[in-house]
Amino acid sequence: MKLLRHGPVGQEKPGLLDASGTIRDLSGVVSDLAGEVLSPAGLAKLAALDAASLPAVDAGVRIGPPTSGMKNLVCIGLNYADHAAETGAPVPKEPIVFLKSLGALCGPNDDVIIPKNSVKADWEVELCIVIGTKAKCVSEDQALDHVAGYAVGNDVSEREWQIERGGSWDKGKGCDTFGPVGPWLVTKDEIPDPQNLAMFLEVDGKRMQNGSTRTMIFGVKAIVSYVSHMITLHPGDVIFTGTPPGVGLGMKPPVFLKAGQTMRLGIEGLGEQRQRTVAYEG
């Protein structure tokens, strides 16, 4: 299934994308895509529905983040061998874990706000893991039992704040709108091998990132297990899993985002996002 949330910011309703590409409203069945709805039993209930019997939603509706009620927006840094190489960083021996502010979360096609005084805003297409059931100290063999599915993410980053302002990555990662996720949560039954997905990102039509999850250093099972030993993961939580090469920081010379640009990115089987960059006003 492809599950999504549609409607204005803060008023999103649950929905699904049917086989014809029509958005169907699920608000008469579940209140939101959160909690028990994301468990195996909850997803099985949704899968058993006759999608054609559900109300159709206007194709032009805004798409929001695909889950609600999350407690953690977790990220893994330098998790692609080829990306580590382009930044000149050594290959990590353990996953590098940091958090984005929940305020960074936004819809897949919402505007990305370039913060006030930002000079080095950057892009990162990433595979996102969506947690379906509570995970605490789980083994790698158990890890996928706690995964509801996957989504596209853009780990937008302000590199000066991340690297040059005291070394705390969270500073450059958690700005408002720096975490677009979606357009939908694709349940794991549709993605039998998350370690073999092509991915790309373009800025103003120019291809910047061409990669594959094949070059991830730590795979989905390892990440979920590792993080669960340090942070209890809850239904609806999202884990950004790292990015392939082609980020602005890695260009020679580096290239960074400015207001008025358009990012388009996608992952095989998971859909595409498109964001416009706008200047902070306030």
Side-chain angles (χ1 to χ4, degrees), residues 4-5 8-12 33-34 62-79 95-131 150-163 165-185 201 203 209 223 227 231 233-243 247-249 256-259 261-265 267 270 273-282:
L4 57 96
R5 297 170 67 249
V9 176
Q11 302 176 44
E12 294 92 346
L33 298 177
R62 171 186 173 270
I63 304 298
T67 64
S68 178
M70 69 169 56
K71 295 180 182 294
N72 299 293
L73 192 53
V74 183
C75 301
I76 308 299
L78 295 175
N79 193 34
I96 296 172
V97 179
F98 62 94
L99 299 175
K100 275 186 178 284
S101 164
L102 295 182
L105 186 69
C106 65
N109 304 314
D110 291 347
D111 290 346
V112 166
I113 300 169
I114 305 297
K116 183 178 181 179
N117 300 322
S118 166
V119 293
K120 295 183 179 180
D122 205 348
W123 56 84
E124 294 189 5
V125 59
E126 305 205 6
L127 172 69
C128 287
I129 305 166
V130 181
I131 300 300
Y150 307 97
V152 181
N154 189 354
D155 178 18
V156 185
S157 309
E158 213 300 340
R159 302 300 190 188
E160 182 191 37
W161 301 0
Q162 175 191 357
I163 300 168
R165 299 282 295 274
S168 173
W169 283 22
D170 295 350
K171 291 180 185 177
K173 297 284 193 171
C175 306
D176 292 348
T177 72
F178 271 25
V181 179
W184 25 78
L185 157 62
L201 184 143
V203 178
Q209 291 185 276
I223 289 170
V227 173
I231 300 170
L233 297 169
H234 297 270
D237 284 358
V238 171
I239 305 176
F240 284 74
T241 61
T243 197
V247 300
L249 179 66
F256 298 110
L257 293 166
K258 57 184 183 292
Q261 295 187 291
T262 298
M263 291 180 282
R264 185 173 76 92
L265 56 147
I267 299 178
L270 301 181
Q273 302 182 351
R274 183 186 295 267
Q275 298 109 24
R276 185 172 62 103
T277 56
V278 299
Y280 169 81
E281 296 182 1

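Basis for what follows: all heavy atoms, side chains included, without hydrogens, waters or symmetry-related copies. It should be emphasised that the depicted structure is a prediction, and the values quoted were computed from it without experimental measurement.
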*Hey, mind stepping through Y280 and N117 against side chain to side chain contact (heavy atoms under 4.5 Å, CB included) and telling me if it holds?*
CA-CA 9 Å; Y280 169 81; N117 300 322; over 6 Å; no
What closest approach, in Å, do [X] and [Y] show between heavy atoms, and which atom pair accounts for it?
X: N79; Y: I223; result: ND2-CD1, 3.6 Å
X: M70; Y: V238; result: CE-CG2, 3.6 Å
X: L270; Y: P183; result: O-CD, 3.8 Å
X: I113; Y: F178; result: O-CE1, 3.4 Å
X: G172; Y: W161; result: CA-CB, 3.9 Å
X: E158; Y: S118; result: OE2-OG, 2.9 Å

*asked:* What I want to check is whether the side chains of S68 and E12 have a donor and an acceptor closer together than 3.5 Å.
replied: no
Could you state the interatomic distance from [atom1] ([X]) to [atom2] ([Y]), rounded to the nearest 0.5 Å?
X: L99; Y: I239; atom1: CG; atom2: CD1; value: 10.5 Å
X: Q11; Y: R5; atom1: CD; atom2: CZ; value: 11.5 Å
X: I129; Y: Y150; atom1: CD1; atom2: OH; value: 6.5 Å
X: K120; Y: R159; atom1: NZ; atom2: CZ; value: 11.0 Å
X: C175; Y: K116; atom1: SG; atom2: NZ; value: 14.0 Å
X: Q273; Y: I63; atom1: CD; atom2: CD1; value: 12.0 Å

*Q275: which of T177, D111, N154, D110 passes side chain to side chain donor-acceptor pair (under 3.5 Å)*: N154
_A side-chain contact here means heavy atoms from C-beta on lying under 4.5 Å apart; do T262 and R274 qualify?_
yes
*Side chains of P66 and L33: closer than 4.5 Å at any heavy-atom pair?*
no
_Verdict with supporting geometry, W123 and Q209, side chain to side chain contact (heavy atoms under 4.5 Å, CB included)_ = CA-CA 9 Å; W123 56 84; Q209 291 185 276; 3.3 Å; yes
*asked:* Working note: L249 + I163, criterion side chain to side chain contact (heavy atoms under 4.5 Å, CB included); need CA distance, chi angles, decisive distance, verdict.
replied: CA-CA 11 Å; L249 179 66; I163 300 168; 3.8 Å; yes
Donor-acceptor list for residues 101-108 side chains, cut-off 3.5 Å, not counting sequence neighbours:
{"unit_1": "S101", "atom_1": "OG", "unit_2": "G103", "atom_2": "N", "d": "3.0"}

Keeping [X] on the side-chain end and [Y] on the backbone end, is there a donor-acceptor pair under 3.5 Å?
X: D237; Y: K71; value: yes
X: T243; Y: E126; value: no
X: T277; Y: K258; value: yes

*Would V227 and N72 satisfy side chain to side chain contact (heavy atoms under 4.5 Å, CB included), going step by step from the backbone distance to the final call?*
CA-CA 11 Å; V227 173; N72 299 293; over 6 Å; no
*Residues D155, K173: salt bridge by 4.0 Å N-O rule*: yes
